[in-house]
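Chain letters run A, B, ... following the sequence lines, proteins first and then strands; every chain starts at 1.
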2 protein chains.
Amino acid sequence: MPASSDTSPIDINRLRQVCSSCSLRDLCVPLGLGEPEMARLDSIVEKSPPMKAGQHLFRAGDPMRSIYAVRSGTYKSYTLDSEGEEQVLGFHLPGELVGLDAIHPGQHQCNLMALDTAMACIMPFDELTQLASELPGLQRQIMRLLSKEITSLVPMAGDHSAEERMASFLLSLARRFGERGYSSRSFRLVMSRRDIANYLRLATETVSRVLRRFQDKGWISVDRRDVSLDDVEALRRIADET
Amino acid sequence: MPASSDTSPIDINRLRQVCSSCSLRDLCVPLGLGEPEMARLDSIVEKSPPMKAGQHLFRAGDPMRSIYAVRSGTYKSYTLDSEGEEQVLGFHLPGELVGLDAIHPGQHQCNLMALDTAMACIMPFDELTQLASELPGLQRQIMRLLSKEITSLVPMAGDHSAEERMASFLLSLARRFGERGYSSRSFRLVMSRRDIANYLRLATETVSRVLRRFQDKGWISVDRRDVSLDDVEALRRIADET
DNA sequence: CGCTATTTTGAGCCGCGTCAATACGGGTGG
DNA sequence: CCACCCGTATTGACGCGGCTCAAAATAGCG
């Protein structure tokens, strides 16, 4: 049997196994679904083409047709205020959902830019909600993820010092890298100092100074964009997690 | 026919007409539902007994069995940080949902306290999601309200000056009172200066000073807890809405 | 009418932003 | 391979907004 007629139908099938064969499925929408439910989810999820750093998945004002899950790489979400100043809202790792704030008004509220080579999973919203009506586990998981998004914004709203914000930021990244099977002790900051500063509502100079202070205290080692956490307990004390 | 045997079944029926006869239904969960759907929602919604100022609807750590809609009065939500310091997360007017952040972890993440005499509607979560599976409009509206909650936290996370925060706060209250049929020009601040300050991440002294500054400029009139907005445009310029 | 909690007002200080200069690094062309 | 350039990051000096501390004024309540 020629290879072409053999692999072709298999590949088409493979293309659709977006969730059931995904290593991130327990962090993402499929969590809690069984085999048959996941197969139905597979039938509506599409892969986005790979995106290069700087490209946008969507922009504020775009009509909301789908929600997205990060598949690989890292995205940042941001808005532009009335003076055109960028406001970074978050950094999004594989398995995390983005675009959830667009459900309510039906238009995307923020811009989503790839920080490196990145891919996303596209979940057409009408089909997803239709499927959620039929699969109670899926409905529940979508609500959980929406709820989680609310919780994740609360710490940002607190009034915290520069050191508290930076420590929380590093610990949050560490935890999320750990959940994804990477080292939670040392990792690369794909985002620029400017993006970090903007996200933490600090000046870039302050970000530099706080990182240096942490390094001088022996809590972290910083080399360019590579960080390793040498004293997680000290960071936790500063971050003052609830 | 004796009145007792006549009114009794009617009253029992009335007690269940929680949503369909509610003036807040277009701001709340029932938005977009037709008559028969709303009747089914009525069958699962319960009224909480009236609560006095200082009483709690739920506390952080309580198991999440229901989500709640404010029916009358005002609540504040808050957490306690590791030093036991209160962190006010929001003020909640009639028609607004609370407890949504509890869906994800299954436990309430914050405390909810009545600021005056207040009542809530109780929606048992399992029954609500079950019903949402059967009523696409209800599922959609719940997701919209969850999404709205995300959007509402974003402005809080920005780094804004004391005047920007106060102006935004006053305009937000004005808008929400207006939506509920009250005057958006003058209203009563049911929360204390201390609660306002805590919510805006300012010192109470700063709240006093900013209010005084706004009054000196002729933008508002403050008498004790009664406020009237005399120059909404000026406030909007300061608040710098997106 | 007194007691206490809340709000207002004033004085001083500190963390962080702003402005400015320098250092570093990665890419480009000779 | 090196010289150059430009964007990113670091470091230093200084000023200001808002917090802290302290005290007076006002309101709510028994």
From the options B/Gln87, B/His108, B/His92, select the one residue that forms a side-chain hydrogen bond (donor to acceptor under 3.5 Å, both in side chains) with B/Ser77.
-> B/His92

Side-chain N or O of A/Arg225 closer than 4.0 Å to phosphate OP1/OP2 of D/dA9 = yes

Taking for each residue the nucleotide of DNA chain C with the nearest heavy atom, is it A/Asp223 or A/Arg201 whose nucleotide lies nearer the 5' end?
-> A/Arg201

Just how far, in rounded Å, is C1' of D/dA9 from CG of A/Asn198?
-> 16 Å

From B/Met113 CE over to B/Thr74 OG1, what is the distance, rounded to the nearest 0.5 angstrom?
-> 11.0 Å

Flag the pair B/Lys52 and B/Asp116 as a salt bridge only when some basic side-chain nitrogen lies within less than 4.0 angstrom of an acidic carboxylate oxygen.
-> no

Do NZ/NE/NH1/NH2 and the carboxylate oxygens of A/Asp230 and A/Arg185 come within less than 4.0 Å?
-> yes

Of the candidate nucleotides C/dT6, C/dT9, D/dA9, which contains the atom at the shortest distance from the side chain of A/Arg224?
-> D/dA9

Closest nucleotide among D/dA22, D/dA9, D/dC19 to the B/Glu205 side chain = D/dA22

Tell me which nucleotide among C/dT8, C/dC16, C/dT18 gets nearest to the side chain of A/Ser161.
-> C/dC16

Sugar-phosphate only, base, or nothing, as touched by A/Arg165 at under 4.0 Å among non-hydrogen atoms | nothing

Starting at atom CZ of B/Arg212, determine the distance to atom P of D/dT26, rounded to an integer number of angstrom.
-> 12 Å

For B/Ala162, report the nucleic acid contact type (base, sugar-phosphate, nothing); a contact means any heavy atom under 4.0 Å.
-> sugar-phosphate

Nearest-angstrom distance from the residue atom CG of B/Asp195 to C1' of C/dT7 = 14 Å

Check the distance between D/dT8's P and A/Met191's CE and give it to me in whole angstrom.
-> 15 Å

Spacing between A/Gln215 atom CD and D/dA9 atom P, to the nearest angstrom = 15 Å

Heavy-atom nearest nucleotide on DNA chain D taken for A/Asp159 and for A/Thr204; more 5' hit belongs to A/Thr204

Between A/Leu211 and B/His160, which has a closest nucleotide on DNA chain D that is more 5'?
-> A/Leu211

Do the side-chain N or O atoms of A/Thr206 get closer than 4.0 angstrom to the phosphate oxygens (OP1, OP2) of C/dC16?
-> no

Rounded to whole Å, the CZ-C1' distance (B/Arg194 to C/dT4) equals 16 Å

Starting at CZ of B/Arg213 and ending at C1' of C/dT7, how long is that distance when rounded to a whole Å?
-> 16 Å

Spacing between A/Met166 atom CE and C/dC16 atom C1', to the nearest angstrom | 13 Å

N or O in side chain of A/Arg193 less than 4.0 angstrom from D/dT10 OP1/OP2 | yes

Taking N and O atoms by type only, does the side chain of A/Arg209 place a donor or acceptor under 3.5 Å from a partner on the base of D/dG12?
-> yes

State, without any angle test, whether A/Ser208 and A/Arg212 hold a side-chain donor-acceptor pair at a distance under 3.5 Å.
-> no

